[in-house]
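The block underneath contains the structure these notes are about, expressed in structure tokens.
Counting convention: from 1, in listed order, for ligands and their atoms alike. This structure is a prediction, so every number in the text was calculated from the model and none was measured.
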Amino acid sequence: MNTKLDPWSSSDITDYSKLFEEFGISPFENVLPEIPCPHRYMRRKVIFGHRDYEQIAEAMRTGAPFSVMDGFMPSGKVHLGHKMVMDQIVWHQEMGASAFVGIADREAFSVRGFSWQKCREIGVEEYILSLIALGFKPEGLIYFQSGCGSVKDLAFELGAKVNFSELSAIYGFSGETSLSHMLSVATQAADILQPQLEEFSGPKPVVVPVGPDQDPHLRLTRGLAGKMNMFRVEEREDVKTGRKYLSVRGKTAQKEALQELKKRIPGKVKLYEEHIDVLEYPDLAGLEKIVREVALEFEGYAFIPPASTYHRFMSGLQGGKMSSSIPESQIALTDDPKEGAKKVKRAKTGGCVTLEEQKKLGGKPEECSVFELMLFHLLDDDKELLEIRQECVSGTRMCGSCKQLAAEKMHEFLKDHQEKRELAREQLDEYRIIYKN
Ligand code: TRP
Ligand code: SF4
């Protein structure tokens, strides 16, 4: 029954992977071996997909600069789903990333109709305190979108490269959609590209850890990154000889920029009105580097398309979806620890109806929300978790003992987290936080 080949496999992952093939998302396993001490979410396939994570892994190994960026709409209570994203931000920061966290008050204002005051309250009280309590370091930047001039300016510039048809194709925007809602989408793209601005020392790989529902934003932003750039490097093929070569397009570049570029590229090159054919230098990465340098010298953009990771969602504690509108389905990081433990005890398991049956047939950890809690959040030791899994499927473990263990761990986590939140409150002014003025 249980092939034991892959202890972390889950049916959702296969569904997601199918869903994403068409959007060019790669399975995370492909990069896993390149990552020095991967995070628990990576080892356990909670993170199942990525785009361009190779460059992030390489930066971690070589010590080259890279960033992690994420945004939170200040919409309500901070819960375990947000914790997943925050854990990943903190981990990348520990691995050497400069970290950027945007509080998407423009989105909450335009989509939810929240006042700036309410955005600020929820932003600090829910998200920022928990982010810091989970280990975010003061070197990182936290900002409210509406207080961040560079993000707002960039959002406006990006807006020139996207039209209504594209937005309605990606987000289903219609004639009813407000201008502010559209602007909030451009602002989110600006959030993601901001770490590569000159004031943050220029182009670098940036990873945005998200759930699959946020992928449309990334597709839009990656497209915009290309459209903003002064040059574009392409692989071409000579129609007559079939020989492959590289070519740099520079539609918006000044003549001088193209000429300067021509001088810097090794080997034979041919300069045209708006592009340069590179005939003897097949090194794509090398060429991209040269092109970036020249673009920056001529005050153009040279964004690297943002990388991303995709994590699967936990299911609701009662089965079904985990949702903020059903408090019983999820655990808020500010829930009373006793209440949190109770929710665990009431959660749906993958056990059988009777104990006899369970001893005979075993349980189903892949359909068990208590097991999921341990897998995502509560047990850091892979060996212990695999033992529990094995005992469960072989029918030697009963749900009561899992619930007891998970409830205790949840109580402990919430109590500790809430103490850390209070400490964070006192440390707030040691952090770089840009508020709306
Ligand atoms: N749209 C995201 C949400 O609904 C918030 C967000 C804003 C974001 N800017 C971002 C997410 C940048 C990732 C990257 O929560
Ligand atoms: Fe879930 Fe544990 Fe019951 Fe298995 S024994 S179904 S892991 S609660």
Can you list the ligand 2 atoms lying under 4.0 Å from a non-hydrogen atom of [X]?
{"X": "Cys402", "result": "2 (Fe), 5 (S), 7 (S), 8 (S)"}
{"X": "Gly350", "result": "6 (S)"}
{"X": "Gly351", "result": "6 (S)"}

Any side-chain heavy-atom pair of Asp191 and Met69 under 4.5 Å
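The answer is yes; the side chains approach within 4.5 Å.
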Does any part of the side chain of Met86, heavy atoms only, come nearer than 4.5 Å to the side chain of Val78, both counted from C-beta?
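The answer is yes; the side chains approach within 4.5 Å.
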Between Tyr171 and His217, is the ring pair (Phe, Tyr, Trp, His ring centres under 6.0 Å) condition met? List the steps.
CA-CA 9 Å; Tyr171 299 105; His217 299 307; 5.3 Å; yes
For residues [X] and [Y], is any side-chain donor paired with an opposing acceptor at under 3.5 Å?
{"X": "Gln194", "Y": "Ser150", "value": "yes"}
{"X": "Ser130", "Y": "Arg421", "value": "yes"}
{"X": "Gln418", "Y": "Glu422", "value": "no"}

Nearest protein heavy atom to [atom], by residue and atom, and its distance?
{"atom": "atom 4 (O) of ligand 1", "result": "Glu107 OE2, 3.4 Å"}
{"atom": "atom 9 (N) of ligand 1", "result": "Asp191 OD2, 2.7 Å"}
{"atom": "atom 6 (C) of ligand 1", "result": "Gln188 OE1, 3.4 Å"}
{"atom": "atom 4 (Fe) of ligand 2", "result": "Cys392 SG, 2.3 Å"}
{"atom": "atom 2 (C) of ligand 1", "result": "Gln214 OE1, 3.3 Å"}
{"atom": "atom 1 (Fe) of ligand 2", "result": "Cys368 SG, 2.4 Å"}

Please list, in number order, the atoms of ligand 1 under 4.0 Å from a heavy atom of [X].
{"X": "Val208", "answer": "13 (C), 14 (C)"}
{"X": "Met73", "answer": "5 (C), 15 (O)"}
{"X": "Ala104", "answer": "7 (C)"}
{"X": "Asp70", "answer": "11 (C), 13 (C)"}

What part of Ile192, side chain from CB on, backbone N/CA/C/O, both or neither, has a heavy atom under 4.0 Å from ligand 1?
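Near ligand 1, Ile192 shows its side chain, while the N, CA, C and O stay back.
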Strictly under 6.0 Å, is that where the ring centroids of Phe48 and Phe28 end up?
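Ring centres of Phe28 and Phe48 not closer than 6.0 Å.
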If you take the centroid of each ring, where Trp contributes its six-membered ring, are Tyr143 and Tyr435 closer together than 6.0 Å?
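Here the rings of Tyr143 and Tyr435 have centres that are no less than 6.0 Å from each other.
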Gln358 heavy atom under 4.0 Å from ligand 2
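Under 4.0 Å: yes for Gln358.
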Do you see an N/O/S atom of Cys399, backbone or side chain, under 2.8 Å from atom 2 (Fe) of ligand 2?
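No, since none of the N, O or S atoms of Cys399 sits under 2.8 Å from atom 2 (Fe) of ligand 2.
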Should we count CD of Glu357 as having more than 12 external heavy atoms under 6.0 Å?
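Yes, the 6.0 Å shell around CD holds more than 12 heavy atoms from other groups.
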Check each of Met182, Gln188, His181 against Ser184 using the side chain to side chain contact (heavy atoms under 4.5 Å, CB included) test, and report the only one that passes.
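Filter result, single survivor: His181.
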